[in-house]
Amino acid sequence: MRKIALTFIFVCCSLALTTHAQIVRQIKPVDWKEVKKVADNDPQRIRDLVARLSADKIDTTMTWNERVLAYYGQSYLTPNTEMTDCIDQDNLMREGKYEECLAKAKETLKKNPVSLKSLSNAAFAITRMLKDSTHHYDVSKEEGQIYFNRMSRIFNTIASTGAGTEKLPFAVTAVSDEYLFMRYYLNIWEIERQSFTGKYDVFELKETSQYYTDKKMYFDISRIMEIERSMFE
């Protein structure tokens, strides 16, 4: 799984993976109060920005602030409503039902076009379908590339919010985003242990990479905690 996944990532997203570590970008931690304020008072603004962020072709006019508002603001419009859908997608993927997994991922992306987990499942489902010589699926490499391009934009957006340190953690809105970001953006797979400290999810790493050299990585999971509390309430 790791070898196949990494091969596809490096082929389809090599530009993002080889350039993001070379670009000195100003870090902009998420202003959660401001994001929530916009979500409450002007949700259409977020929807419009999400449409631009998730377009087939990259919108080069989007600022980093707009990308952050789009991606993190979406979590207030669809607060984890796709959790069950993503679990179903994972199960279908494990069962080798790639066509059904892709269909399920597309349904979820209609609700949340920037669901990183659904984008990942859609892209990898297409990869497996293209490798299957026993069936003729109605998919193309170009379609898979579209999903990976969206993933790349979201990875870059997450990267813009921090540096992985306690003072400047990366912000996420779903637990699965942490693992996707570490594996497919930073090329880090081996984890020693995981712990929670206040609003942070802390990973002690067994390995580092050319994209991330520290032995610890911090994620701001305050939004995840809010979503979980609201579910129980």
Side-chain angles (χ1 to χ4, degrees), residues 5 8-9 11-17 19-20 25 28 30-32 34-36 38-39 42-86 88-90 93 101-127 129 139-161 170-181 183-185 223-224 227:
F8 196 82
I9 284 290
V11 169
C12 293
C13 294
S14 58
L15 180 61
L17 285 167
T19 60
H20 75 79
R25 183 182 302 142
K28 295 182 177 295
V30 180
D31 185 341
W32 293 108
E34 178 61 24
V35 173
K36 186 178 186 306
V38 176
D42 191 4
Q44 189 57 47
R45 182 184 174 195
I46 292 175
R47 294 189 189 98
D48 292 341
L49 290 173
V50 167
R52 291 170 62 190
L53 183 62
S54 60
D56 289 353
K57 292 185 178 180
I58 187 171
D59 183 344
T60 57
T61 66
M62 286 192 78
T63 65
W64 287 107
N65 284 336
E66 288 176 330
R67 287 187 177 206
V68 167
L69 181 56
Y71 183 61
Y72 296 96
Q74 180 66 39
S75 74
Y76 290 94
L77 305 188
T78 54
N80 227 22
T81 55
E82 69 272 11
M83 179 184 292
T84 302
D85 290 349
C86 290
D88 291 342
Q89 293 168 30
D90 287 342
M93 182 72 80
C101 176
L102 177 59
K104 190 73 173 178
K106 286 182 176 180
E107 288 179 11
T108 306
L109 289 168
K110 289 179 182 178
K111 294 183 287 187
N112 178 3
V114 291
S115 168
L116 193 52
K117 184 62 172 174
S118 297
L119 290 169
S120 171
N121 281 331
F124 285 121
I126 290 175
T127 306
M129 291 161 74
V139 294
S140 66
K141 187 181 296 184
E142 290 72 24
E143 182 182 0
Q145 184 67 58
I146 288 173
Y147 293 119
F148 270 102
N149 287 344
R150 285 199 219 171
M151 287 175 64
S152 179
R153 291 172 215 160
I154 294 170
F155 285 147
N156 280 313
T157 301
I158 293 172
S160 74
T161 66
F170 297 119
V172 290
T173 61
V175 172
S176 58
D177 292 1
E178 298 174 317
Y179 293 92
L180 290 170
F181 181 76
R183 292 171 178 174
Y184 300 122
Y185 191 76
R223 180 64 188 134
I224 298 175
I227 292 171

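The shown structure was predicted, so the numbers you read here are calculated from the model rather than taken from an experiment.
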State, to 0.1 Å, how close [X] and [Y] come at their nearest heavy-atom pair, and which atoms those are.
| X | Y | answer |
| --- | --- | --- |
| Asp59 | Arg52 | OD2-NE, 2.7 Å |
| Ser54 | Val114 | CB-CG1, 4.4 Å |
| Ile58 | Arg153 | N-NH2, 3.4 Å |
| Phe155 | Phe181 | O-CE1, 3.5 Å |
| Gly144 | Ala123 | O-CB, 4.4 Å |
| Val35 | Ile46 | O-CD1, 4.3 Å |

Measuring from [X]:[atom1] to [Y]:[atom2], what's the distance to the nearest 0.5 Å?
| X | Y | atom1 | atom2 | answer |
| --- | --- | --- | --- | --- |
| Gln74 | Asn112 | CD | CG | 4.0 Å |
| Ile146 | Lys57 | CD1 | NZ | 10.0 Å |
| Asn65 | Glu34 | CG | CD | 9.5 Å |
| Arg150 | Leu119 | CZ | CG | 5.5 Å |
| Lys36 | Ser75 | NZ | OG | 10.5 Å |
| Asp88 | Met93 | CG | CE | 13.0 Å |

Is the closest side-chain heavy-atom distance between [X] and [Y] below 4.5 Å?
| X | Y | value |
| --- | --- | --- |
| Lys28 | Val68 | no |
| Ser176 | Cys86 | no |
| Met83 | Ile227 | no |
| Tyr76 | Arg223 | yes |

Exercise. In chain order, what residues pass the side chain to side chain contact (heavy atoms under 4.5 Å, CB included) check against Ala171, with sequence neighbours excluded?
Worked result: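 Checked Ala171 against side chain to side chain contact (heavy atoms under 4.5 Å, CB included); matches are Val30, Trp32, Tyr72, Thr161, Asp220.
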Problem set entry | Contacts of Asp48 that satisfy side chain to side chain contact (heavy atoms under 4.5 Å, CB included) - sequence neighbours left out |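 Side chain to side chain contact (heavy atoms under 4.5 Å, CB included) check on Asp48 returns Gln44.
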Exercise. Is the closest basic N to carboxylate O distance between Lys117 and Asp85 below 4.0 Å?
Worked result: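 Judged by the 4.0 Å cut-off on N to carboxylate O distance, Lys117 and Asp85 do not form a salt bridge.
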Exercise. With no hydrogens and no angle check, is any side-chain donor or acceptor of Ser152 less than 3.5 Å from a backbone partner on Asn149?
Worked result: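 The answer is no, because no donor-acceptor pair under 3.5 Å joins these two groups.
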For this session: Would you confirm whether Asp42, through its side chain, and Val38, through its main-chain N or O, come within 3.5 Å as a donor-acceptor pair?
Result: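 Side chain of Asp42 to backbone of Val38: no pair is present.
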Problem set entry | Option among Leu116, Val50, Leu49 that satisfies the side chain to side chain contact (heavy atoms under 4.5 Å, CB included) test with Tyr71 |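 Single side chain to side chain contact (heavy atoms under 4.5 Å, CB included) partner of Tyr71 among Leu116, Val50, Leu49: Leu116.
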Exercise. Parallel under 30°, tilted from 30 to 60°, perpendicular over 60°: which one fits the rings of Tyr184 and Phe124?
Worked result: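 Plane angle between 30° and 60°, so tilted.
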For this session: Might you work through the side chain to side chain donor-acceptor pair (under 3.5 Å) test for Tyr147 and Asn121, ending with a clear yes or no?
Result: CA-CA 9 Å; Tyr147 293 119; Asn121 281 331; over 6 Å; no
